[in-house]
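Here the structure comes first, spelled out in structure tokens, and everything after it is commentary.
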Amino acid sequence: MAKPHVQILLIEDDEDDYILAEDSLTHLPEWQVELTWASNAEDGMALLDSQHFDLCLLDYQLGKVTGIDVLKQIKDRDINTPVVMLTGQADKAIDEAALFAGATDYLLKSDVDSGRFVRTIRYALARRDTERERLERQKAESANRSKDRFLAHLSHELRTPLSAILGYTELLLSKQHSTGSTELNAILRNGRHLLSLLNDVLDLSKIAADKLELTPSQTQFHGLLNEVVALTHALALEKKLALNLRSLTPIPVEIFVDTTRLRQVLINLIGNAIKFTQSGRVDVEVEVIDDKSHSQLHIAVRDTGIGISDAHLRKIFQPFEQVDDVVHKTEQGTGLGLAICAELVQRMGGYIHVESEPGKGSCFSILLPLTESIDQPRKMLEHHSDEYRYQLQQAEPMVGKVLVVDDMEDLRSMMQAQMSACGIQAVGACHGLDAIKKVKESLDSAPFDLIFLDLHMPVMDGYSAIKELRTLMPDIPIVALTAATLKGRAEQLLSIGFTAMLGKPMERRVLLENLQHYLQPPQLEDFNQTQVTKKLLLVEDDCDAAQATAAMLQLYGCDVDIASTAADCLDMLNQATYHRLVVDLGLPDMDGLQLISEIRKTNPSVEVFILSGSDVEQTTLKQFNIAQHYQKPLFGEQIKRLSE
């Protein structure tokens with residue numbers, strides 16, 4: 001058996017001592033030694049800087065330089081090679097100084113050809129291996145911390161714009177005239193798909209770092225199942241597939257489970273079944289399996305799709321695995337969904353299984369332990385067999401004053417719009433210092449009832465702001481806004497003064513639930529007061545742009561009429577009084593500025609805003625008495641300004 005190879009550097013200015021050391025090292029019984037000799041400290045340090053050595057044997061006396069000086073240089077340059085100091089005679093003070101300076105051990109030169117020499121080298125190499133393991137572990141831990149920081153930053157940067165996209169889309173869909181909008185539904189569906197892909201990547205990272213946290217609670221199981229099918233039914237309709245949900249036995253009305261994670265598993269399994277089924281059906285079957293010792297909840301998702309070969313079945317629950325030789329990359333995805341499902345089910349104490357035959361379909365089954373009280377009722381599942389429609393939760397009227405603190409203007413405006421639609425007075429702040437200023441200003445007149453506070457902001461972040469806000473208003477509910485919802489984060493935030501945590505992007509449903517929890521419904525007289533609206537005329541020939549702008553203005557409480565031509569505008573002004581006009585300069589029948597000149601003849605004091613695709617000179621704005629010019633397309637703060 002070949003002896004392990006060891007590279008040793010000898011820093012020694014006496015050639016006779018070098019020859020003795022070389023002879024002893026060549027005949028070591030345990031290692032095959034490759035010895036490099038440096039005859040002075042300077043050459044020795046150069047070699048340590050440029051090459052790898054398993055061990056350095058260092059003479060104490062090197063001319064005018066001592067081995068202690070060399071050890072200090074080694075330490076200063078962060079060189080991790082173990083060093084054994086060689087001394088000509090026993091000196092306790094030198095030995096202690098060498099160990100203090102970083103030497104692994106010390107040895108008399110007279111012991112170079114003895115058994116102690118072998119033991120010293122064996123010990124030094126063992127210390128080297130231990131130190132290497134420590135450094136590798138330290139490097140891995142540092143890499144994990146860097147990865148966590150990167151993922152937290154990635155999560156924040158991606159979730160924040162998604163919050164605005166999904167939030168505004170849900171707001172527009174919540175308006176009566178927009179419920180059937182194909183375009184808005186497409187934006188919402190694809191935005192949610194993008195969010196699910198992002199969640200898959202982040203969830204897998206949390207699982208790998210053991211930072212995925214389950215939060216089980218009593219859950220309305222029948223409602224959860226119907227909601228999941230409602231959310232996935234649109235996908236089935238697009239492919240003309242039948243999607244059926246039924247219970248084979250009576251099932252509990254309530255179960256104790258992490259609702260979000262079970263919903264995630266079911267949506268993933270049903271979504272995959274629909275994705276890989278070109279014709280036929282997808283059936284979701286639920287039953288309870290009782291035996292003498294315990295009960296299990298069995299949920300099966302069956303499809304008539306392409307099926308999966310035996311070779312792929314063995315690795316289908318592994319991360320990044322996709323059955324790409326079957327689907328030829330025609331289906332989108334990260335290949336993480338099933339791996340995450342398997343991990344989540346396992347953490348719930350359950351088991352996931354798949355059976356499949358190519359060309360005939362697949363069946364994914366999950367078994368979960370069922371813990372229920374003796375008096376917990378079981379019922380056959382009640383559901384609608386033909387139609388499932390996901391209805392956006394309608395905003396209930398509420399009263400209160402809320403501060404939204406976030407450096408992202410669109411996200412801040414979106415949340416304010418959500419609240420304004422409920423009758424809430426919503427105020428925005430762009431960072432912690434701005435929030436503190438607004439809270440101080442409100443204390444003498446109308447204090448805030450609730451604060452939403454982002455954690456990551458310039459100037460002053462949420463961690464710093466919460467301390468000052470708690471001194472100003474000790475009892476006010478303050479909800480943290482964060483994209484990084486790692487294990488233990490909620491407890492950490494509660495410990496520093498937050499009341500609750502809200503993840504980004506926040507579902508409209510979750511935001512409304514938070515508002516309803518902390519605020520009160522209005523009295524009738526208060527509600528009537530909130531219904532005062534401003535009447536606004538929007539002059540825009542692009543029908544889609546006009547409808548979208550009008551819908552967003554209505555979210556802020558405006559009563560909006562639309563004129564598609566200059567002639568329509570003038571006619572409508574003769575029939576009604578408007579608080580404000582918003583005029584596109586590029587009209588088909590008259591230049592926008594010419595239209596404003598005509599308007600001024602009969603309505604000299606009406607406030608006019610203009611829209612265009614390019615800049616407008618300030619002299620023009622003054623000449624036509626224009627309140628403000630906005631470049632298209634309009635964004636949150638601009639829409640809000642138009643509604644004020």
Side-chain angles (χ1 to χ4, degrees), residues 189-190 192-193 196-197 200 222 224-249 251 262-289 296-318 321-342 344-345 350-368 380-390:
R189 185 170 60 253
N190 283 280
R192 284 177 174 158
H193 177 64
S196 70
L197 297 181
D200 281 350
H222 289 218
L224 173 62
L225 291 171
N226 277 291
E227 178 193 356
V228 167
V229 173
L231 288 167
T232 52
H233 194 255
L235 300 174
L237 287 177
E238 287 180 1
K239 302 182 74 172
K240 299 181 180 179
L241 302 175
L243 176 58
N244 301 303
L245 169 66
R246 64 175 177 267
S247 60
L248 305 181
T249 68
I251 60 175
L262 180 57
R263 183 191 294 114
Q264 180 180 355
V265 170
L266 295 177
I267 289 175
N268 201 301
L269 295 181
I270 298 172
N272 271 357
I274 295 170
K275 181 189 297 185
F276 297 113
T277 301
Q278 301 308 316
S279 63
R281 59 195 296 121
V282 175
D283 295 324
V284 183
E285 299 173 347
V286 189
E287 62 181 327
V288 173
I289 302 175
Q296 289 182 302
L297 189 63
H298 178 235
I299 305 174
V301 180
R302 305 178 189 276
D303 65 62
T304 57
I306 58 178
I308 307 167
S309 68
D310 289 340
H312 286 101
L313 282 177
R314 289 192 292 269
K315 58 182 182 179
I316 198 168
F317 294 115
Q318 297 175 10
E321 290 293 338
Q322 292 175 309
V323 194
D324 49 11
D325 63 328
V326 176
V327 299
H328 302 296
K329 295 292 185 184
T330 60
E331 305 296 347
Q332 297 176 338
T334 59
L336 297 176
L338 289 177
I340 293 168
C341 285
L344 290 175
V345 171
Y351 173 73
I352 189 167
H353 175 68
V354 58
E355 295 178 355
S356 186
E357 185 176 347
K360 293 187 177 181
S362 307
C363 178
F364 284 82
S365 301
I366 60 174
L367 279 170
L368 294 174
M380 296 300 290
L381 183 64
E382 297 177 0
H383 62 285
H384 305 289
S385 58
D386 296 325
E387 286 192 16
Y388 301 92
R389 296 190 182 276
Y390 177 61

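Counting begins at 1 with the first residue of the sequence. Quantities reported herein were computed from a predicted structural model and do not represent experimental measurements.
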Worksheet item: Would you say Ile316 and Phe364 make side-chain contact, with heavy atoms under 4.5 Å?
Response: yes
Worksheet item: For Ala273 and Val301, which heavy atoms make the closest approach, and how far apart are they?
Response: CB-CG1, 3.9 Å
Worksheet entry | Pairs flagged by salt bridge (Lys or Arg N to Asp or Glu O under 4.0 Å) wherever residues 263-274 is involved - sequence neighbours left out | Glu227-Arg263
Discussion item. Could you work out, with side chain to side chain contact (heavy atoms under 4.5 Å, CB included) as the rule, every residue matching Ala300, not counting sequence neighbours?
Written reply: His298, Arg302, Cys363, Ser365
Worksheet item: Is there a side-chain contact between Val284 and Leu266, using heavy atoms and a 4.5 Å cut-off?
Response: no
Worksheet item: Distance from Tyr351 atom OH to Leu367 atom CG, nearest 0.5 Å?
Response: 8.5 Å
Fill in: Residue of the set Val286, Asp283, Leu381 for which side chain to side chain contact (heavy atoms under 4.5 Å, CB included) holds with Arg246
Asp283
Fill in: Atom pair CD1 (Ile274) and OG1 (Thr232), whose distance is rounded to the nearest 0.5 Å
4.5 Å
Practice prompt. I would like to know whether Leu269 and Ile366 meet side chain to side chain contact (heavy atoms under 4.5 Å, CB included); could you show each step before the answer?
Written response: CA-CA 10 Å; Leu269 295 181; Ile366 60 174; 4.1 Å; yes
Worksheet, complete the sentence: Note: Pro358 and Ile308 closest approach over all heavy atoms is CD-O, 3.7 Å
Discussion item. Please give me the minimum heavy-atom distance between His222 and Met380, naming the atom from each residue.
Written reply: CE1-O, 3.6 Å
Discussion item. Given 3.5 Å as the limit, does a donor-acceptor pair link the side chain of Lys360 with the main chain of Gly307, or not?
Written reply: no
Practice prompt. Measure the shortest side-chain to side-chain distance between Asp303 and Leu241 over non-hydrogen atoms and say whether it is less than 4.5 angstrom.
Written response: no
Worksheet item: What closest approach, in Å, do Thr304 and Ser279 show between heavy atoms, and which atom pair accounts for it?
Response: OG1-O, 2.9 Å
Worksheet entry | Flag side-chain contact, heavy atom, 4.5 Å: Leu338 against Val354 | no
Worksheet item: Would you say the side chain of Ile270 lies within less than 4.5 Å of the side chain of Leu243, judging by non-hydrogen atoms?
Response: yes
Fill in: Least distance between heavy atoms, Glu285 atom then Leu248 atom
OE1-CD1, 4.0 Å
Item to complete: Taking the side chain as every heavy atom from C-beta outward, state whether Leu368 and Leu262 have any pair of such atoms under 4.5 Å apart.
Response: yes
Worksheet item: For the atom pair OG1 (Thr277) and CG (Asn272), what is the distance rounded to the nearest 0.5 Å?
Response: 9.5 Å
Fill in: Over all atoms of both residues, closest heavy-atom pair of Thr249 and Glu287
OG1-CA, 3.5 Å
